[in-house]
Amino acid sequence: MIDLKELREYPDRFRQGVADKGMSVDIDRLLALDEARRSILTRQESARAEQNRISKEAGPKLGQLKGKSKGAHGEEKAALEAAITQLEARPAALKLEIQECEHRLLAIEPEWKSLWMQVPQPPAADVPKGQGSEDNVEIRRWAPPQWDFQKTFEQNRGFKPRTHVELLKLHRLADFERGVKMSGTRHYVLTGLGMRLHQAVLRYAVDFMADARGFTPMGVPVIVKEECMVGTGFFPAGREQAYHIEESRRGSGHDLFLTGTGEVGLMGIHADEILNLEDLPLKYCTVSTCFRREAGAAGKDTAGLYRIHQFDKVEQVVVCEANDAQSRAWHAQMIETVETILQSFKLPYRLLQCCTGDLGVKNEDMIDIESWMPGRGEIGLDGSPQGAFGETHSASRLRDFQCRRLNLRYKDAQGKTQFAFALNNTVIASPRVLIPILEMHQQADGSIIVPPVLRPYMGGIGQIGAD
RNA sequence: GGACAGGUGGCCGAGCGGCUGAAGGCGUCGGUUUGCUAAACCGGUAUAGGAGUUAAUACUCUUAUCGCGGGUUCGAAUCCCGCCCUGUCCGCCA
């Protein structure tokens with residue numbers, strides 16, 4: 001969430017941010033509610049202050065009088081009771097005033113809070129403006145020497161590509177029918193070498209993060225309380241995307257939610273903590289199962305492993321000092337990590353600078369990495385797919401938006417408590433990444449060459465489907 | 001799941017209706033003393049919100065916070081109710 005003080009001081013900055021992200025949050029309404037809330041609060045506090053003063057001075061006296069009046073009779077008792085009534089009048093009036101303020105606060109706070117939570121992090125100044133994904137800007141692309149982006153798959157390789165769905169069937173790497181039988185649409189079973197390849201990719205990525213990049217691997221909950229979802233910025237906006245476990249309907253406990261990314265568990269670890277400067281930067285990675293309802297995506301990417309309800313992902317997060325240069329440096333390093341991994345798989349990809357309209361509530365800057373998927377895209381005149389880029393990674397800079405919500409702070413060099421900056425990035429998401437791996441490494445006979453870096457995790461198997 | 005016990009500041013731990021934002025200790029920070037270190041002594045040491053003074057560091061006032069929420073009361077860490085969590089024993093179980 002954003003800093004309310006900053007909002008009061010520079011409301012235009014946030015109005016512009018809302019507009020640039022193509023969102024609609026009524027900033028003026030929020031400012032009005034905030035103003036009203038503070039004036040009520042001031043009134044309530046001064047009433048409380050007086051109440052406290054009175055109860056210190058008159059309180060003990062009252063107690064004494066009441067004690068005496070119990071034992072007293074006749075005129076003496078009447079006099080005592082009159083004194084008591086008089087003493088009680090002022091606190092009673094204050095109590096009423098405090099209660100009235102309380103009621104007025106209760107009336108505006110839900111809307112105030114809700115609007116506040118909706119105000120997005122304004123995009124960084126150098127993020128290109130745009131409406132949506134069509135305005136994203138390609139930064140660069142990379143391909144292994146034997147691949148030419150100007151040519152079709154057939155021109156590059158000398159044969160027509162099979163789609164990953166065909167390859168999965170051919171080698172019995174996945175079973176969609178039975179997945180659907182058990183769990184419905186967008187579910188699947190990974191079978192045999194399909195499961196091994198999936199595991200290989202994940203293991204390789206975790207080892208790479210730990211050994212080559214010095215990140216600490218973590219195993220985190222994928223079932224979390226609502227606070228974690230709100231704190232990491234996935235709620236309230238993304239509520240529809242999360243599976244909801246309604247434990248409260250069973251009469252006890254609190255509801256839980258399945259996380260859509262390991263980011264939730266990783267960032268939740270230090271919620272409500274104040275870290276020492278020496279603890280930063282935090283460099284964490286995890287491999288976790290991710291659950292997504294894909295609400296609103298009906299009919300999109302229904303075939304294959306592209307858009308599914310359950311997958312596994314190696315995620316990296318960095319929590320660093322509240323410093324723009326540091327945040328940018330880590331962002332660059334995270335992207336470099338992804339490029340190194342994709343290059344080690346020899347997969348063509350491109351980097352996209354996401355425009356303002358394609359950013360979510362919580363990020364100020366995002367780079368998507370799309371891998372080339374020959375089996376994707378329009379069907380051409382020759383009857384085979386033309387190929388297309390498909391998003392496999394995404395790297396975001398969140399400034400202090402997420403740590404503010406999580407109440408994750410640190411003590412800086414001056415000893416001042418600050419909200420930290422956070423970043424997150426996909427290291428590898430599987431089985432989606434299996435799509436380019438299978439499609440790009442298929443051979444004319446339909447067999448698939450396993451990238452050498454994955455072979456140690458595949459029991460040394462170098463080719464799938466070779467006779 | 002059942003039966004007890006308990007949740008107080010960075011930690012330990014007292015308090016069980018007003019004098020308690022909270023004793024005492026540990027830790028920590030600043031200082032004094034001392035060949036050095038240690039010890040001893042003195043002083044400070046929660047967080048968040050609001051208002052104000054200041055160029056700013058900062059300071060002053062004020063409110064809230066003793067697991068969370070609600071209630072009783074002129075007044076709640078303290079009494080009552082609900083929930084959450086932790087510990088121990090029993091039951092069940094990868």
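None of the values given here were measured: they were computed from a predicted structure. Note on naming: letters A, B, ... go to the chains in the order of the sequence lines (proteins, then strands), and numbering restarts at 1 for each one.
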For this session: Can you establish whether the number of heavy atoms outside A:Arg29 located under 6.0 Å from its atom CZ is more than 12?
Result: no
For this session: Provide, to the nearest angstrom, the distance between the CG atom belonging to A:Asp34 and the C1' atom belonging to B:G50.
Result: 11 Å
Exercise. NA contact type, A:Lys416, heavy-atom cut-off 4.0 Å: base, sugar-phosphate, or nothing?
Worked result: nothing
Exercise. Is the closest basic N to carboxylate O distance between A:Lys416 and A:Asp412 below 4.0 Å?
Worked result: no
For this session: State whether A:Arg43 places a side-chain N or O below 4.0 Å from either non-bridging phosphate oxygen (OP1 or OP2) of B:U63.
Result: no
Exercise. Counting any heavy atom closer than 4.0 Å, what does A:Arg8 reach on the DNA or RNA strands: base, sugar-phosphate only, or nothing?
Worked result: sugar-phosphate
Problem set entry | Distance below 4.0 Å between A:Asn52 side-chain N/O and B:C74 OP1 or OP2 | no
Exercise. On RNA chain B, nearest-nucleotide positions of A:Leu4 versus A:Ser46: which is more 5'?
Worked result: A:Leu4
Exercise. Atom CG of A:Leu41 to atom P of B:A64: distance rounded to whole Å?
Worked result: 11 Å
Problem set entry | Donor + acceptor pair across side chains of A:Ser394, A:Asp368 (<3.5 Å) | yes
Exercise. If the C1' atom of B:G18 is compared with that of B:C79, how far apart are they to the nearest Å?
Worked result: 14 Å
For this session: Rounded off to whole Å, could you give me the CD1-to-P distance for the A:Ile54 and B:U63 pair?
Result: 12 Å
Exercise. Taking the C1' atom of each, how far is B:C66 from B:U60, in whole Å?
Worked result: 27 Å
Problem set entry | Between B:C68 (P) and A:Asp272 (CG): distance, integer Å | 12 Å
Exercise. Nearest of B:C85, B:A48, B:U63 to any side-chain atom of A:His254?
Worked result: B:C85
Problem set entry | Distance, C1' atom - from B:G17 to B:C29, rounded to whole angstrom | 37 Å
Problem set entry | Atom P, compared across B:U28 and B:G10: separation rounded to whole Å | 16 Å
Exercise. Any donor-acceptor pair under 3.5 Å linking the side chain of A:Tyr410 with the backbone of A:Pro281?
Worked result: no
Exercise. Within this structure, what is the CD-to-P distance between A:Glu35 and B:G49, rounded to whole angstrom?
Worked result: 17 Å
Exercise. Is it the case that more than 12 heavy atoms not belonging to A:Gln463 sit under 6.0 Å from its CD atom?
Worked result: yes
Seminar exercise, completed: Sorted by position of nearest nucleotide on RNA chain B, 5' first, the leading residue of A:Glu50 and A:Thr42 is A:Thr42
Problem set entry | Sugar-phosphate, base or nothing in reach of A:Arg37, heavy atoms under 4.0 Å | nothing
For this session: Please determine if A:Lys169 forms a cation-pi arrangement with A:Phe176, meaning its NZ or CZ atom is less than 6.0 Å from the six-membered ring centre and no more than 45° off the ring axis.
Result: no
For this session: Look at the side chain of A:Gln51 against the base of B:G75 and say whether a donor-acceptor pair falls under 3.5 Å; ignore hydrogens and angles.
Result: no
Problem set entry | Separation of the P atoms in B:U20 and B:G13, to the nearest angstrom | 23 Å
Exercise. Can you find a pair of side-chain heavy atoms, one from A:Leu197 and one from A:His171, that are under 4.5 Å apart?
Worked result: no
For this session: Tell me, yes or no, whether the heavy-atom count around A:Ile223 atom CD1, taken from other residues, nucleotides or ligands under 6.0 Å, exceeds 12.
Result: no
Exercise. Would a 4.5 Å heavy-atom cut-off, applied to side chains only, mark A:Met267 and A:Cys403 as touching?
Worked result: yes
Exercise. What is the distance, rounded to the nearest whole Å, between atom CZ of A:Arg48 and atom C1' of B:G50?
Worked result: 13 Å
Exercise. Given the C1' atoms of B:C68 and B:A77, what is the spacing between them in whole Å?
Worked result: 14 Å
For this session: Would you jot down, in residue-number order, the residues of residues 95-106 of chain A having a non-hydrogen atom under 4.0 Å from RNA chain B?
Result: A:Lys95
Exercise. What is the distance, rounded to the nearest whole Å, between atom NZ of A:Lys411 and atom P of B:A46?
Worked result: 10 Å
Exercise. In this structure, which one of A:Val318, A:Asn363, A:Leu398, A:Val319 forms a side chain to side chain contact (heavy atoms under 4.5 Å, CB included) with A:Leu423?
Worked result: A:Val318
Exercise. If you measure from the P atom in B:U45 to the same atom in B:A55, how many Å do you get, rounded?
Worked result: 27 Å
Problem set entry | Watson-Crick or G-U stems involving RNA chain B, each at least 3 pairs long, distances under 3.5 Å, ordered by first number | B:1-7 with B:84-90, B:10-12 with B:24-26, B:27-32 with B:40-45, B:46-53 with B:58-65, B:67-71 with B:79-83
For this session: Please state how far atom CD in A:Glu273 lies from atom P in B:A48, giving the value in whole angstrom units.
Result: 15 Å
Exercise. When the P atoms of B:U65 and B:C19 are considered, how many whole Å apart are they?
Worked result: 14 Å
Exercise. Of all the nucleotides listed (B:A51, B:U62, B:A64), which has the minimum atom distance to the side chain of A:Arg38?
Worked result: B:A51
Problem set entry | Within-4.5 Å side-chain heavy-atom neighbours: A:Phe421 and A:Asn323 | no
